[in-house]
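Input: a single structure, listed below in structure tokens.
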Amino acid sequence: MLSVHPADALAYAAVFEDAAEELHILGKIMPANYQYTEEADEIVRNQLQRVMSAQQKVEDDYDNQISARSQKKLETLKQPTGNESQKLMDELSNELKKTTADLKTGVNKINRMFNQNPLTADNMRKLEQDRGYFEKLLIKAIHVLLNQQSIEPLAAMVEKEQESKMNFLNVVRNEEASRQRIKDLTQAIQDVRNEKQIELQRRAEVIAYQKDQLQEAKAKAQLEITYEKKKCENHLEQIKEKCFIAETDMRHEQDILENRYEDEMKCNGETENFLRSYIKETSQKTEEWLEKYNQETATLQTELDKLKNARAIDLTTYQKIAADFTEYEQVVRDDRAAKERRRRIAERELQQMNAATKIQSWWRGINSYYLLNIDDNLNDTQSSSVICDNLLTEQQTYRIPRQCLTHFYCDSSKCDDQQFRCVKLRESLCCLYKYFTKNCRLNTIKENFRYIYFQLSIQHGYCEINLERIENTDETYCIAEDDFRQLQTTTPFYRHYDYLKPHTKHTYQQHPRVLKTAKHYRRKQHTAARYNHSNNDYYPRKTAFHNLSVSVTIRKASLFAVSNVSITRSLATKSKHKVLTVLYEGGEAGKRNKNILGCVENALGLREWIKENNLENQLELIVTSDKEGDKSVVEQHLPTASVVISQPFWPCYLDEKRIQKAKNLKLAITAGVGSDHVNLEAACKAGITVAEVSGSNVVSVAEHIVMQILALVRNYIPAYKQVINGEWDIAAIVDRAYDLENKHVGTVAAGRIGFRVLQRLKPFDVHLHYYDKFRLPEKVEKELNVTYHPSVESMVKVCDVVTINCPLHPETEHLFDEKMLKLMKKGSYLVNTARGKIMKADALVDAIKSNHLAGYAGDVWYPQPAAKNHPWRSMPNHALTPHYSGTTLDAQKRYAAGARELLGNWLNGKPQREEYLIVDKGEVVSRAYTSGDATKGNSDTKA
Ligand SMILES: NC(=O)C1=CN([C@@H]2O[C@H](COP(=O)(O)OP(=O)(O)OC[C@H]3O[C@@H](n4cnc5c(N)ncnc54)[C@H](O)[C@@H]3O)[C@@H](O)[C@H]2O)C=CC1
């Protein structure tokens with residue numbers, strides 16, 4: 001029996017009531033009997049039909065209104081002034097708007113109907129689920145109540161259901177929120193749709209308007225076509241008319257020409273006939289003339305032969321006469337020369353007489369002083385007593401005054417008075433003077449209170465006179481006449497050998513006179529030590545001289561006393577100085593063009609210069625281009641050469657070995673600029689002066705540099721090659737061609753050349769840079785707008801073009817090696833006209849081949865001349881030339897004159913210009929070169 005608590009019973013009752021109510025509600029929404037029945041479908045279909053037909057109607061209205069509106073618009077366009085039409089249009093627009101609104105409302109209604117209708121599939125499914133659930137619940141509740149007699153499980157189920165309901169409610173709420181969002185979005189879509197609608201409408205209007213325009217244009221075009229057609233027809237008519245007239249004219253003209261042609265044909269026939277007869281006549285005449293010509297030629301030929309014979313006879317006569325004439329001329333010339341010689345001798349004798357008279361009067365004056373005892377007048381009080389004593393002694397012993405006066409002009413060797421030969425200084429002086437005035441030329445004679453000074457030149461003697469000083473020792477000033485006669489025969493001052501300086505090792509043993517003298521002295525049995533008989537050099541101190549000039553200064557007081565006699569200086573011009581000049585071969589050009597002074601043929605103008613200055617007796621000029629190898633001309637003459645002249649363009653490398661070999665070398669001249677071909681350190685040690693003609697070709701080089709920079713940057717060489725090869729490929733050239741403007745250009749060294757390069761590049765509007773050991777003045781830097789760099793490295797990093805203008809010395813040798821080249825900007829250019837050895841040859845080839853450098857130019861190589869297989873010749877992108885930038889014809893004039901000046905100064909013992917000197921007095925004096933360890937590398941062949 002089921003027993004339920006009243007409270008529970010109430011709860012059960014409430015639950016069932018609730019359920020029944022829910023089911024009731026659901027039943028109302030969708031009566032179960034309607035479900036899936038045809039009736040339900042009918043209801044829905046009817047509803048839909050109703051709504052759809054209303055919508056259809058509104059759409060029809062809309063279409064009608066749109067077409068009515070376009071119609072009206074067309075009419076309005078045709079009658080643009082009608083205000084009524086405009087009004088009508090406005091009304092139509094308003095109606096259209098209204099209908100569009102209805103259309104919109106209809107669409108909304110349809111949507112809503114689809115959403116809210118309980119008969120839609122979604123809603124039906126939901127209702128079915130709910131109803132199922134309640135059925136299950138009721139069945140389960142009844143079942144629980146019957147079996148367990150408790151409603152607890154039921155309550156649990158209810159709770160569970162409540163929970164799921166809550167979840168469901170949440171879901172419903174979420175769904176509502178989503179619906180709201182969908183609604184908003186739908187609204188937004190609607191807005192957009194409206195906007196699009198308006199846009200569409202506007203476009204439709206525009207299209208309609210453009211259609212109108214099109215029609216209008218069509219009408220116009222039609223009109224124009226009609227007009228043009230008519231115009232063309234008229235034109236055609238006119239042309240036809242014109243052609244007809246022209247045709248008539250031409251026919252007329254043709255008739256005239258035909259008539260004329262007939263006339264001309266007639267005329268030509270007549271002319272032809274005439275010419276034929278004329279040719280016939282002329283050929284007859286020509287034949288006659290030819291015959292006549294042959295006859296005359298034969299006659300003339302006979303006459304010519306006769307004349308030739310006569311000429312040959314005349315020529316022999318003429319040659320005979322010419323020979324006679326030459327002979328007579330020679331006789332006249334000899335006669336003139338003899339007369340000239342006699343005249344000169346007479347003149348010289350007159351001079352000598354004058355000089356002798358002077359000396360004599362001076363001598364007599366002295367004797368008068370002595371005889372009259374006027375020695376008080378002498379200032380030298382200290383020596384007066386000695387003077388008097390000596391004079392007395394001498395007078396007593398040798399009766400000097402009288403003797404001298406007697407023998408003054410006599411030839412002492414023939415003088416009977418043997419006393420004369422023994423007298424001391426005064427007699428000797430007489431003899432000296434007499435000897436000299438007889439055999440030599442007296443150049444000057446000067447006298448003042450204390451001294452008498454005379455300078456003499458002896459010609460063609462054999463002797464070495466190099467006395468610095470003869471002083472007051474008993475024997476030394478006793479110069480007897482014989483001694484001076486010995487001068488003529490290569491005899492040294494045998495009594496004064498101690499004063500001879502061993503300054504030459506020339507030997508003249510072969511000379512017959514020398515041999516004679518040698519025998520003579522051997523007979524006299526002088527010791528070997530005194531005459532230095534050693535080796536082959538029997539008379540080492542003797543040397544030949546062509547011009548000997550002797551300057552003698554004698555203190556007057558010494559004529560009163562044997563004291564303080566000084567023969568101050570004697571200078572002997574020794575054998576000829578050998579000048580070894582090494583130049584390039586001039587070939588045809590050198591023979592033809594005398595201005596190519598730097599070649600062997602023209603020898604820097606030295607041949608002419610020597611002639612002009614009568615230096616044939618002093619200089620022996622050797623000119624050669626043969627400088628390599630042990631048997632070369634240079635090697636043969638080097639040991640005896642006093643001067644070597646060479647050029648950077650064909651350098652005679654004077655390395656240490658050669659300098660040691662050149663024992664006689666005093667001066668090495670560079671005809672040009674750059675003396676790196678001389679080992680400066682060895683030159684310092686050997687005391688050789690090294691000089692160059694600084695500044696002589698700096699402009700020439702600067703111009704060459706500018707040319708080569710442009711050749712590289714503008715890619716000139718390949719362009720020129722195309723012209724030669726008959727090509728025309730612009731792209732291939734411009735591939736590497738640029739403007740110089742705005743590029744960064746730098747020079748290593750801003751000396752004479754570097755500075756001129758900067759000056760010349762300034763107008764190209766480039767950015768200038770430089771590095772030099774010595775900075776330019778600030779003012780100059782500002783003027784040139786040039787940037788100074790503290791090192792080569794820092795400069796090359798920023799430059800598009802680098803030019804090298806420093807000398808070659810240890811600091812700069814191989815300055816541009818792999819490291820330096822790597823520092824350069826990629827694609828930059830390098831121009832080197834300084835020296836080849838500043839570059840590391842292989843490193844450069846690598847830099848060019850790897851395209852790190854865009855190009856290289858210059859004209860200097862190492863060694864020079866460059867070998868045929870020198871790697872630079874075949875590397876790409878170069879604009880190299882042989883070394884010629886500094887040897888233009890203008891430059892040659894300057895450096896040839898400079899070389900002659902250097903040689904002349906040296907010969908005359910004059911000082912050289914300071915700026916020309918590189919090494920002087922055993923040290924490097926030019927600031928452009930490094931002192932101390934000057935380059936040693938010039939003789940090696942490794943570049
Ligand atoms: N290709 C050719 O035909 C010619 C080439 N040259 C070469 O050009 C060189 C320069 O000639 P010039 O300008 O007349 O000489 P220069 O004596 O007037 O100038 C040389 C300059 O180089 C600078 N210098 C020296 N060592 C340096 C270093 N280690 N780093 C930076 N700067 C340094 C000096 O300070 C000086 O300013 C000559 O030594 C010669 O080698 C000269 C004339 C013709």
Side-chain angles (χ1 to χ4, degrees), residues 66-89 92 200-290 293 714-716 718-735 737 739:
I66 287 284
S67 58
R69 191 169 172 273
S70 350
Q71 191 65 31
K72 280 287 163 208
K73 206 169 185 183
L74 264 178
E75 281 169 20
T76 324
L77 279 171
K78 280 178 188 169
Q79 302 157 357
T81 45
N83 279 344
E84 279 180 26
S85 311
Q86 189 59 43
K87 239 187 221 170
L88 218 61
M89 278 294 288
L92 273 171
L200 271 174
Q201 205 174 321
R202 200 178 56 74
R203 284 195 184 163
E205 281 170 18
V206 170
I207 288 165
Y209 175 72
Q210 281 177 347
K211 266 186 191 165
D212 295 347
Q213 293 272 326
L214 189 71
Q215 262 181 350
E216 232 175 88
K218 266 184 189 167
K220 259 189 194 172
Q222 194 60 37
L223 212 69
E224 271 174 16
I225 286 165
T226 324
Y227 170 74
E228 283 297 325
K229 203 174 168 187
K230 282 213 169 151
K231 199 175 154 192
C232 285
E233 278 167 7
N234 284 343
H235 194 61
L236 202 68
E237 280 301 314
Q238 279 175 359
I239 287 170
K240 268 184 189 167
E241 191 67 28
K242 271 185 194 167
C243 285
F244 178 72
I245 294 164
E247 202 180 334
T248 324
D249 288 351
M250 279 167 81
R251 287 233 168 81
H252 182 64
E253 208 172 307
Q254 193 185 0
D255 293 343
I256 294 169
L257 284 172
E258 273 171 3
N259 291 340
R260 204 182 282 169
Y261 174 72
E262 273 171 21
D263 290 347
E264 273 183 11
M265 283 304 282
K266 258 187 215 168
C267 197
N268 282 348
E270 282 170 14
T271 317
E272 201 179 334
N273 291 338
F274 168 75
L275 284 173
R276 281 223 174 88
S277 60
Y278 183 73
I279 287 168
K280 212 174 168 185
E281 257 176 55
T282 320
S283 53
Q284 275 172 2
K285 270 186 191 171
T286 316
E287 271 171 25
E288 279 169 24
W289 284 342
L290 257 174
Y293 167 77
R714 312 283 317 193
N715 207 21
Y716 170 74
Y720 177 72
K721 276 187 193 159
Q722 277 196 12
V723 174
I724 300 298
N725 299 337
E727 295 163 10
W728 190 273
D729 186 353
I730 303 295
I733 310 164
V734 296
D735 192 23
D739 290 348

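Values below: all heavy atoms of this structure, side chains included; hydrogens, waters and symmetry mates excluded.
- Shown here are the salt bridge (Lys or Arg N to Asp or Glu O under 4.0 Å) partners of D739, two or more places apart in sequence or in another chain: R714.
- Residues Q722 and D729 share a closest heavy-atom pair of OE1-N, 2.9 Å.
- Remark: I733 CD1 to K721 NZ distance equals 12.0 Å, nearest 0.5 Å.
- For residues 243-259, the side-chain hydrogen bond (donor to acceptor under 3.5 Å, both in side chains) pairs, not counting sequence neighbours, are E247-R251.
- Using modelled atom types and a 3.5 Å distance limit, the side chains of Q213 and Y209 yield a donor-acceptor pair.
- A732 and N715 make their closest contact through O-ND2, 4.4 Å (heavy atoms, listed as atom of the first residue, atom of the second, distance).
- Counting only heavy atoms from C-beta outward, the side chains of C232 and L236 never approach each other to under 4.5 Å.
- Evaluation of the side chain to side chain contact (heavy atoms under 4.5 Å, CB included) rule for T286 yields T282 as partners, not counting sequence neighbours.
- Side-chain N or O atoms of D735 include none that pairs as donor or acceptor with a backbone N or O of A731 at under 3.5 Å.
- A search for side-chain hydrogen bond (donor to acceptor under 3.5 Å, both in side chains) contacts involving R260 returns nothing, not counting sequence neighbours.
- Within the structure, side-chain hydrogen bond (donor to acceptor under 3.5 Å, both in side chains) pairs that include any residue of residues 223-242 do not occur (at least two apart or interchain).
- Between I225 atom CD1 and K220 atom NZ the span is 14.0 Å, to the nearest 0.5 Å.
- Among residues at least two apart or in separate chains, salt bridge (Lys or Arg N to Asp or Glu O under 4.0 Å) pairs with a member in residues 263-289 are E272-R276.
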